[in-house]
Participant: 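Got a structure for you, questions after.
So you know, we letter chains A, B, ... as the sequences are listed, proteins then strands, and number each from 1. FYI, side chains are in, hydrogens and waters are out, and symmetry mates aren't considered; it's all heavy atoms of this structure.
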Amino acid sequence: MRIPDDWPATEDRARAVQDELRGQVVLDETGPPPGTGHVTGVDVAYDDDRDLVAAAAVVLDAATLEVVAEATAVGRISFPYVPGLLAFREIPAVLAALGDLSCPPGLVVCDGYGLAHPRRFGLAAHLGVLTGLPAIGVAKKPFTFTHDEPAAPRGSTSPLLAGAEEVGRALRTRDGVKPVFVSVGHRVSLDNACAHTLALTPAHRLPETTRRADALCRRALKEATGADEYAV
DNA sequence: GCGACAG
DNA sequence: ATCTTGTCGC
C-alpha cells in the first residue's frame, strides 16, 4: 500500500479524483459479521507549527476488543483542511500506517464519513476503494446533513439525510448521550455498519477503534522528531 | 452573495 | 484538528 504518486495538489484536481473513483465503491456486500475477525481503527493528528502529521492504525480482535496489532506513520502535511476534501489530508499518512501492520486489518473504521459526503465519496469510501478493504465511517458531528433526534435508548437510530436521500444514520451508542453518525464506506451495508458500531461501543460513545487510534496518533505526534518521516 | 461545513 | 481548568460521575 503505497501513496499514489499522482496525489492531487489542487482542490479542483481532488474533486475530479473523487468523481473518478466514486464508481469503484462496492455497495452490494454485507460486510464481515460483527464480533468476528479483525476490526481496525485509523485516525490522524496534526501539528501545524512543525508541519507534521501522524497517523495510527490499531487492530482489535472484534470479539474481545483487545489490541492485536498497531502501527503509526509520521509525515509532512500534504493538503489543507477543506470541508469535503478531508480524505486528501488524511489518507497518505493512514495508508503508510496500514502498510506497516503485522496482520490483515479486516474491517476499517474511520473517524469521519463514507458516502455521507457532498460528492458521495468521503474518507471511508476513498480509503476503502484505495485499499480494497471493507470500510465504514463513524463521525462525531452531522456535517452538512440533517437528522431527527434518535430515541433515548442505546441502539436507537434516525436517518441521516441529504434532502430526501438517506446517506447514513444517526446512531445512539449510549443512553441519553448525543448520537454518532454512521455511513457506509466500501463493501459494507448500512445495517451492518451500525451493528459494528454498536459492537464497538460497549462503554463509550465513540468506537473503541477510534478511541485507540486517536490516543495512539496523538502519542506518535508528540514523540515525532521529524527525522522519522515516511517516504513520499 | 454570505455563512456553514467530517477532521 | 488544536488551544485549555476544574468539575461531576461511574
Side-chain angles (χ1 to χ4, degrees), chain A residues 8 11 14-15 17-18 22 25 41-58 72-97 108-129 135-147 154 159-163 165-171 173-186 190 193 197 201-207 209-224:
Chain A
E11 295 186 17
R15 292 189 184 93
V17 168
Q18 292 178 328
R22 184 175 44 212
V25 175
V42 293
D43 196 18
V44 177
Y46 302 92
D47 183 334
D48 291 313
D49 295 326
R50 291 192 296 161
D51 191 37
L52 288 181
V53 52
V58 180
T72 62
V74 175
R76 294 282 170 181
I77 299 178
S78 58
F79 207 91
Y81 172 66
V82 180
L85 301 180
L86 176 65
F88 296 92
R89 182 167 168 82
E90 306 226 324
I91 280 184
V94 169
L95 286 179
V108 178
V109 180
C110 296
D111 191 0
Y113 282 112
L115 297 185
H117 179 274
R119 315 178 83 84
R120 303 295 179 271
F121 197 66
L123 173 60
H126 201 143
L127 187 61
V129 164
I136 67 172
V138 180
K140 299 182 285 295
K141 298 195 290 192
F143 200 17
T144 60
F145 307 106
T146 61
H147 65 95
R154 160 178 158 87
L160 186 65
L161 300 172
E165 182 186 357
E166 181 178 28
V167 294
R169 216 164 269 169
L171 170 65
T173 55
R174 301 291 291 161
D175 290 357
V177 175
K178 64 179 179 180
V180 298
F181 303 91
V182 179
S183 61
V184 166
H186 185 56
L190 183 54
T197 303
T201 50
H204 300 278
R205 178 173 85 110
L206 297 179
T209 39
T210 299
R211 293 167 43 80
R212 298 297 257 272
D214 178 76
L216 183 55
C217 70
R218 291 189 196 221
R219 183 157 63 78
L221 186 60
K222 253 190 230 173
E223 294 169 355

Participant: Please give, in whole Å, the distance from B:dG7 C1' to A:Phe88 CZ?
Facilitator: 15 Å
Participant: Under 4.0 angstrom, heavy atoms only, what part of the nucleic acid is A:Gly84 near: base, sugar-phosphate, or nothing?
Facilitator: base
Participant: At a cut-off of 3.5 Å, list every protein nitrogen or oxygen paired with a nitrogen or oxygen from nucleotides 5-10 of chain C, distance to 0.1 Å.
Facilitator:
none

Participant: Test side-chain contact (heavy atoms from CB on, under 4.5 Å) on A:Leu123 and A:His117 and set out the steps.
Facilitator: CA-CA 9 Å; A:Leu123 173 60; A:His117 179 274; over 6 Å; no
Participant: Begin with the C-alpha distance, continue with both residues' side-chain angles, and end with the deciding distance and a verdict on side-chain contact (heavy atoms from CB on, under 4.5 Å) for A:Thr201 and A:Arg174.
Facilitator: CA-CA 8 Å; A:Thr201 50; A:Arg174 301 291 291 161; 5.7 Å; no
Participant: Going through the distances and angles, do A:Leu127 and A:Cys110 end up as a side-chain contact (heavy atoms from CB on, under 4.5 Å)?
Facilitator: CA-CA 9 Å; A:Leu127 187 61; A:Cys110 296; 3.8 Å; yes
Participant: Counting any heavy atom closer than 4.0 Å, what does A:Asp43 reach on the DNA or RNA strands: base, sugar-phosphate only, or nothing?
Facilitator: sugar-phosphate
Participant: Does A:Arg89 CZ have over 12 foreign heavy atoms under 6.0 Å away?
Facilitator: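 Yes, because the 6.0 Å sphere around CZ of A:Arg89 holds more than 12 heavy atoms from other groups.
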Participant: Roughly, in whole Å, what's the span from CG in A:Leu85 to P in C:dA1?
Facilitator: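 Distance, rounded to whole Å: 18 Å.
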Participant: Taking NZ from A:Lys140 and P from C:dT2, how many angstroms apart are they, rounded to a whole number?
Facilitator: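 Rounded to whole Å, this separation is 10 Å.
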Participant: Tell me whether the OP1 or OP2 atom of B:dC5 has a side-chain N or O from A:Lys141 closer than 4.0 Å.
Facilitator: no
Participant: Select one nucleotide: of B:dG7, C:dT2, B:dC5, the one nearest the side-chain heavy atoms of A:Arg218.
Facilitator: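 Out of B:dG7, C:dT2, B:dC5, the nucleotide with an atom closest to A:Arg218's side chain is C:dT2.
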Participant: Give the dot-bracket line for DNA chain C from 5' end to 3' end: parentheses for intra-strand Watson-Crick or G-U pairs under 3.5 Å, square brackets for crossings, | for inter-strand pairing, dots for unpaired.
Facilitator: ..........
Participant: When rounded to the nearest 0.5 angstrom, what is the spacing between CG in A:Asp214 and CG in A:Leu206?
Facilitator: 8.5 Å
Participant: Does the A:Arg211 side chain pair with the main chain of A:His204, one donor and one acceptor, at a distance under 3.5 Å?
Facilitator: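 The answer is no, because no donor-acceptor pair under 3.5 Å joins these two groups.
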Participant: Rounded to the nearest 0.5 Å, what separates atom CD1 in A:Ile77 from atom CD in A:Glu90?
Facilitator: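 Taking CD1 in A:Ile77 and CD in A:Glu90, the distance rounds to 11.0 Å.
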Participant: How long is the line joining CG of A:Asp49 and C1' of C:dA1, in whole Å?
Facilitator: 13 Å
Participant: What does A:Ile77 touch in the nucleic acid at a heavy-atom separation under 4.0 angstrom: a base, only the sugar-phosphate, or nothing?
Facilitator: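 Counting heavy atoms under 4.0 Å across all strands, no contact is made by A:Ile77.
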Participant: How many whole angstroms separate atom CZ of A:Arg119 from atom P of B:dA6?
Facilitator: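 The distance from CZ of A:Arg119 to P of B:dA6 comes to 17 Å, rounded to the nearest Å.
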Participant: Using 0.5 Å steps for rounding, measure from the NZ atom of A:Lys178 to the NZ atom of A:Lys141.
Facilitator: 8.5 Å
Participant: Name the nucleic acid region contacted by A:Tyr46, choosing base, sugar-phosphate or nothing; use a 4.0 angstrom heavy-atom cut-off, strictly under.
Facilitator: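 Sugar-phosphate: the residue A:Tyr46, judged by heavy atoms under 4.0 Å, touches backbone atoms but no base.
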Participant: What is the distance from CG of A:Asp48 to P of C:dC3, rounded to the nearest Å?
Facilitator: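 These atoms are roughly 10 Å apart.
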Participant: What I want to find out is whether A:Lys140 reaches A:Asp111 closely enough, with some N-O distance under 4.0 Å, to be called a salt bridge.
Facilitator: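 Salt bridge flag = yes for A:Asp111 with A:Lys140.
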Participant: Just how far, in rounded Å, is C1' of B:dG7 from CG of A:Asp111?
Facilitator: 7 Å
Participant: Using atom CG of A:Leu221 as one end and atom C1' of C:dT2 as the other, report the distance to the nearest whole Å.
Facilitator: 11 Å
Participant: Would you say B:dA6 has OP1 or OP2 under 4.0 Å from some side-chain N or O of A:Tyr81?
Facilitator: yes
Participant: Has A:Phe181 got its ring stacked on the base of B:dA6, with centres under 5.5 Å and planes less than 30° apart?
Facilitator: no
Participant: Hey, does A:Phe79 have a side-chain heavy atom less than 4.5 Å from the side chain of A:Pro92?
Facilitator: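 Heavy-atom side-chain distance check fails, nothing below 4.5 Å.
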